[in-house]
Amino acid sequence: MAEAYDFRAVERAWQERWESDRIFDAPAHTAREKYYVLEMLPYPSGDLHVGHAKNYTLGDAIARMMRMLGYDVLHPMGWDAFGLPAENAAIQRGIDPATWTRSNIANMERQLRLMGTSYDWSREIATCDPEYYRWNQWLFLRLYEHGIAYRREAPVNWCPRDRTVLANEQVIDGRCWRCNTLVERRNLAQWFLKITAYADRLLADLDRLSGWPERTRTMQRNWIGRSEGVVFSFCVDGVDEKIDVFTTRVDTLFGATFLAIAAEHPIVPALKSVISKKHAAEIDAFAESLGSKSELERTSLMEKSGLFTGAYAINPLSRERIPIWVTNYVLAEYGTGAVMGVPAHDERDFDFARKHGLPIAQVIVPHEGSEAAAPLTQACVEDGRLIASGDFTGMSSARAREAVAERLTALDIGRKSVNYRLRDWLISRQRYWGTPIPIVFCDRCGEVPVPDEQLPVLLPPGAPITGEGSPLAQLPDFVNASCPRCGGAARRETDTMDTFFESSWYYLRYLSPHDARAPWDREDATRWMNVDQYIGGAEHAVLHLLYSRFFYKFFHDRDWVGGDDEPFARLFHQGFVLHDGEKMSKSRGNVVGIDETAERNGVDAMRLFLLYVTPPEDTSDWTAEGISGRVRFINRLWRLCIPFAGPEPPDVHAIPAVENADERALLRAVGIAARSAVDETHSRRFHFNTTIAKFDELLNAMSALLRSTPESPALGYAAHALPLLVAPFAPHIAEELWQRFGHATSVHLERYLVPHESTLAPEETTLVVQVNGKIRARLAVPAGMTQAEALALALADPRVRAQLDGKEPRKHYYVADKLLNLVV
RNA sequence: GGGCAAGUGGCGGAAUGGCAGACGCGCUGGACUUAGAAUCCAGUGGGGUAACCCGUCAGAGUUCAAAUCUCUGCUUGCCCACCA
C-alpha cells in the first residue's frame, strides 16, 4: 500500500521553506523581460474567505506561470489600511483603530501565506504607516503647488451617519456607498483635486487601453461624460443681467419657449427687482423646499416641478420674449445652471412644458419638405431639417449647429464649449483614521503648506472617536501649531484624506518601499512600470481606476515616471464567488473561510477548484461537492506519481520511445496540457479551467495506460513531468513530488514544460464524412491525407454509399484531417 | 427608459464557422470489502428494438456546413439613468 498524501504536513512545510529561502523575491535587474502582476491591495477587514481567494489565486497562478516562462516577475502585496471600519470598531467596541488594523493585517497576512501565494513580502506596505503616508502628504503638497489640490466652499455630499463628506463617485443612487444612508447637501469649505483638468486625456487615452474590459472603459467614458456644445447668453427683460445657458442642440434655438434655471442660480436675487413680492416669496419657499432635500429626493422624483418667476428672457436670435422658470430638474453644478427649454426637441423639456402648459414650438422636421406634425405627442430628438428658424431654415441640424454657433460668436454673445459630467474630486474627510492633510491656517498668512522637512504630520494617538464631529479638531495639541511662514499662532487642518488618495499610487511604492528620500525611485519605476497585469473587482471601475490614471498622468507630466502615462497596461476583473447560489455574508452565515477550507480540503485543492469551476471572469458557486472533485484529483495525482520517486533526478525533457497507441496518447496528453497552460497565459485569457481539465485527461490517460501497458516508460515520463505542469496551480504537491523525484532545487524556479511537436501531432485522426451537411460516417484515417484520398475512402464507405443512393456528389468540401462534406 | 454582456444535459461548464455536451459534480450499475468510506471499471441529452430521427432561449435569414455570423422577439445579469 503506497503512502497516502498528507496535505496538511506538506503544505505547511513548503510554505515555511519558500519563505525562508525567499524564492519569490523580485530579482535585481537582469536582461530578462520584466512582468509586474498586481492584485488590488485589500482592505484589512479581518478574515479572508474563498471569494478573496479567487482573486489572489488567479494573480498567483499568473505570477507563477510567468516566472516559469522566464520572466522577471514582481508580485507584491500590501494593505489599504486607513478607513472607516477601523473607526467604527473604535466607536462600537472601544478598540484603538491602529490596534484593530494591525491585528487584522497580521491575520490576513497569515491567511495569504496559508494559501501558498508567491508574494515578495520584502516589499509589503501598509498605507497607515507613517513611512507611507508621509509620501501621501508629500504628494498632496506637490499637487497643491501645481494648483491641482485646492480648497473652496461648495455644496457637497454629506453622509449624516458617517458624519463626513463624500466624493461624487462615492454617492450611489443618492446614498452613501458604505452605509447606504441618504446623502444630504451642505455648503462646506473642502479640499478638492482638480481631476477635471485631466478630463480630456483621461477620456482620450481610454481608446489606447485595449487590454482593459470594454465595459469598464465604457463606464469611465460615461462617468467623464464629455459633451460638446455652445454657451450663450439670454438678456433678462427689464434688468441689466444676462443668463448663460449651455446646449448641445443649438440648432433648436428657435424652438426655445422658456428658460429653466436651478433654484440656487445666482441670478435669482437680481430677478426680484422685476417681479412681484408674491412671486419672490414663492421662489424663496420653493428653493427652501428643495434645499433641505437629499439629492435622491430632488432628482429621482421623475416629477418635474417648477415655478414661474414672473421675469422674461429675450431669445438672442429670434428676439422672442420667453418666461423664466425656476425648476428642480436643472442642476446648479452642471454647465451654467440654466438651460433653454425646447419642448419640441428635448424629452425633459417636453415633460415640463406639458405639465405647466407652456407652448411647444417645432423647429426640426425629419426630412426636407416634411410638415410640422401638429401637435407633437412626444419630443422629437433626432437631427433633421430646420423650419421656422429665420435665416437658418432649411439647413440640416449638423450644418445649423455650426452656423448658429458662428452667428452667436460673431455677435459676441456665445462660444463653443465643452462640458463634463466629471466633477473635481473631493478628498476631505472629517474622520480620524486617515492621512492628515498637511496644511496650517494662519490668521496672518492664511493657508500655509507644511514644509517637506516637517513631514510627516503624524496622526496623534488618543483622539476621541465617538462618531460626533471631527476627532482631530478636539485635540488642542494637534490643532494648535505655529505658522511655518511667520511663526505666529496657527491652526492645523483637521480633515484627513479620502483613502482613495493612498490607493491611487501604492503600486509605485512597491518599487522602492523603504526609500526614505522619495516616494519611489525613478529608475525602479522605469524598470518595472507600468503594471503588466492588474487584477481586481469590477466595483472599482470608476473610483480607484480613474483616480489612479489621473495621479499617474500627473506624475508622468512631472517626469517622475518614464514610459507610458497609463499605470495599468492590462486589467482583469475576476467574478464573484457565491455560496449555494447566494452572496457570502456574515448575516446569512454562509461565509466559506480560508482557514476551514485549508484544514478540510487542502490549499492546493481549493486553488484548483477556484480556477476550475468557471472561467475566472464569471461568477462561480462554491459547493462542497465541487471541491471534492479537486481533492480527488490531488490524491489521484499523488497515487499515480509517487511510485516513480527515486534518489536520482530524471531528465524531464527526454521523451521516451514508445510503441502502442495508449502510450502515444499519454505523451500527447502531456504536451496538450502544457500547451494549454502556456496558451492561456500568453493569450491573457487565463481560462485555466480548460487547462486543469487537460490535467484530468492526462491522469485518465495514465490510468488507461497503467491497465494496458503497466511497464510503459511513458508512465514515468508523465509522472516526472506532472510537477512542472501543475506547479503554478497546485504549488505544494508539485514541490513535494519534485523533491521526491530527487531534484535538489525548487520546482518553482524551473522552466515550464515546453511541449514537443512530435508528441502533439497525432498520426491518426478521425475523418468525419457528411452528406449534405449530415454526419454519415466517422473514419479512422492516417493524418495528412490528400483531398482525393479522403474522397475515395469516403465513397467506399457503405453508409455513405447508401445515402448517396447511386448519385455522384455534385461538390465536396474538405477540411484536412477533420471533415469531408459531400453535396448531392 | 438607455447602453453593454449573456442564454448549451440534472448542475458547473467545453467547443468562436467544420464530430455539440471535453473535463468535473451528481446519478445508475459493477468490482473490491464482514460492512461502510476510499479506490477502480462501465454507463449517463431526448426518442426509437434498430437503421435512424430530434436537439445549444424562440422565430426567420446567410452558408456546402451555424451553439458560433445577421435580423426580430423573449429572458437574465451588470452598468447608466433628468448632465441640457
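Please read all numbers here as calculations on a predicted model, not as lab measurements. Note on naming: letters A, B, ... go to the chains in the order of the sequence lines (proteins, then strands), and numbering restarts at 1 for each one.
- For the pair Ile672(A) CD1 and A14(B) C1', the computed distance is 14 Å after rounding to whole Å.
- Within 4.0 Å of Asn700(A), counting heavy atoms only, lie sugar-phosphate atoms of the nucleic acid but no base atom.
- Comparing A20(B), C23(B), A84(B) by their nearest atom to the side chain of Ala693(A) picks out C23(B).
- Per the stacking criterion (ring centres < 5.5 Å, plane angle < 30°), Tyr813(A) stacks onto the base of C64(B).
- Using C1' as the reference atom, A14(B) and G45(B) are 15 Å apart when rounded to the nearest Å.
- Residues Leu610(A) and Lys54(A) approach most closely at CD1-N, 3.7 Å, considering heavy atoms.
- For A81(B), the OP1/OP2 oxygens have a side-chain nitrogen or oxygen of Arg421(A) closer than 4.0 Å.
- Proximity of Arg707(A) to the phosphate of C41(B): a side-chain N or O atom is located under 4.0 Å from OP1 or OP2.
- Judged by the 6.0 Å and 45° rule, Lys583(A) forms a cation-pi pair with Phe576(A).
- Comparing Gln770(A) and Val613(A) against RNA chain B, the residue whose closest nucleotide sits nearer the 5' end is Val613(A).
- Closest to the Lys774(A) side chain, of the nucleotides C19(B), A84(B), C53(B), is C53(B).
- In this model, a side-chain donor or acceptor of Arg778(A) finds a partner on the base of C19(B) within 3.5 Å.
- For G9(B), the base adopts the syn conformation, since its glycosidic angle falls within 90 degrees of zero.
- Within the 4.0 angstrom heavy-atom criterion, base atoms lie near Tyr612(A).
- With a cut-off of 3.5 Å on both pairing distances, the Watson-Crick or G-U wobble partner of G61(B) is C69(B).
- Taking atom P in both G13(B) and C57(B), one finds a spacing of 14 Å when rounded to whole Å.
- When the nucleotides C19(B), G13(B), A81(B) are ranked by their closest atom to the side chain of Thr766(A), C19(B) comes out on top.
- A salt bridge does not link Glu808(A) with Arg810(A): none of the charged nitrogens is closer than 4.0 Å to a carboxylate oxygen.
- G46(B) and C40(B) are spaced 31 Å apart, taking the C1' atom of each and rounding to whole Å.
- Separating the CG atom of Asp244(A) from the C1' atom of A84(B) is a distance of 14 Å, rounded to the nearest angstrom.
- Nucleotides A38(B) and U70(B) are separated by 48 Å at their P atoms, to the nearest Å.
- Base pairing of U39(B) is made with A31(B), judged by Watson-Crick or G-U wobble geometry with both donor-acceptor distances under 3.5 Å.
- Among the atoms of the strands shown, none is found under 4.0 Å from any heavy atom of Arg217(A).
- Among the nucleotides C82(B), G24(B), A84(B), the one closest to any side-chain atom of Asn328(A) is C82(B).
- Lys811(A) comes within 4.0 angstrom of nothing in the nucleic acid, heavy atoms only.
- Nucleotides C11(B) and U56(B), compared at atom P, are 16 Å apart to the nearest Å.
- With contacts defined as side-chain heavy-atom distances shorter than 4.5 Å, the pair Phe609(A)/Thr57(A) does not qualify.
- Within the 4.0 Å cut-off from OP1 or OP2 of C40(B), at least one side-chain nitrogen or oxygen of Arg636(A) is found.
- Rounded to an integer number of Å, the gap from CZ of Arg685(A) to C1' of A15(B) is 10 Å.
- Remark: C1' of G77(B) and NZ of Lys583(A) are 12 Å apart, rounded to the nearest angstrom.
- Under the Watson-Crick and G-U wobble criteria, each requiring two contacts below 3.5 Å, nucleotide A50(B) is left unpaired.
- Side chain of Leu331(A), nearest nucleotide from G13(B), C80(B), A84(B): A84(B).
- Aromatic pair Tyr329(A)/Phe352(A): ring centres closer than 6.0 Å.
- Out of A81(B), C25(B), G12(B), the shortest distance to the side chain of Thr614(A) is found at G12(B).
- Of the options Thr257(A), Thr309(A), Leu358(A), a side-chain contact (heavy atoms from CB on, under 4.5 Å) to Pro323(A) is made by Leu358(A) and by none of the others.
- In this entry G55(B) has no Watson-Crick or G-U wobble partner, no candidate having both defining distances under 3.5 Å.
- The distance between atom CZ of Arg215(A) and atom P of A6(B), rounded to the nearest whole Å, is 11 Å.
- Comparing atom distances between the Thr690(A) side chain and each of G24(B), C19(B), A15(B) picks out A15(B) as nearest.
- Neither side chain, Thr248(A) nor Arg401(A), offers a donor N or O lying under 3.5 Å from an acceptor on the other.
- Of the two residues near RNA chain B, Ala704(A) and Gly335(A), the one whose nearest nucleotide lies more 5' is Ala704(A).
- Leu705(A) has its CG atom 16 Å from the C1' atom of C40(B), to the nearest Å.
- Taking a pair to require two hydrogen-bonding distances under 3.5 Å in either a Watson-Crick or a G-U wobble arrangement, G77(B) pairs with C4(B).
- Across all strands shown, Thr623(A) has no heavy atoms under 4.0 Å from either base or sugar-phosphate atoms.
- Under 3.5 Å, the side chain of Asn821(A) and the base of C64(B) form at least one donor-acceptor pair of N or O atoms.
- Rounded to a whole Å, the CG atom of Leu637(A) is 19 Å from the P atom of A38(B).
- Using a 4.0 Å heavy-atom distance criterion, Asn689(A) is classed as a sugar-phosphate-only contact.
- Here the separation of A60(B) from C41(B), taken at their C1' atoms, is 48 Å to the nearest Å.
- Between Tyr547(A) and Trp425(A), the ring centre distance stays below 6.0 Å.
- Nucleic acid contact for Ser620(A): none, since no nucleic acid atom lies under 4.0 Å from a heavy atom of the residue.
- One atom, CG of Asp349(A), and another, P of C82(B), lie 14 Å apart when rounded to the nearest Å.
- In this structure, a donor-acceptor pair under 3.5 Å is absent between the side chains of His345(A) and Glu382(A).
- Closest to the side chain of Ile775(A), out of G18(B), A20(B), C4(B), is A20(B).
- Side chain of Arg632(A), nearest nucleotide from C25(B), A84(B), C78(B): C25(B).
- For Thr709(A) and Asp662(A), the side-chain atoms include no donor-acceptor pair closer than 3.5 Å.
- Straight-line distance between the P atoms of G55(B) and U68(B): roughly 13 Å, to the nearest whole Å.
- As judged by a 4.0 angstrom heavy-atom cut-off over every strand, Thr247(A) is placed among residues touching the sugar-phosphate backbone only.
- With P as the reference atom, G77(B) and G12(B) are 15 Å apart, rounded to whole Å.
- The side chain of Tyr329(A) has C82(B) as its nearest neighbour among C82(B), A81(B), G18(B).
- When heavy atoms are screened at a 4.0 angstrom cut-off, Gly225(A) is found touching no nucleic acid atom at all.
- Look at Arg639(A) and you'll find a side-chain N or O under 4.0 angstrom from OP1 or OP2 of C40(B).
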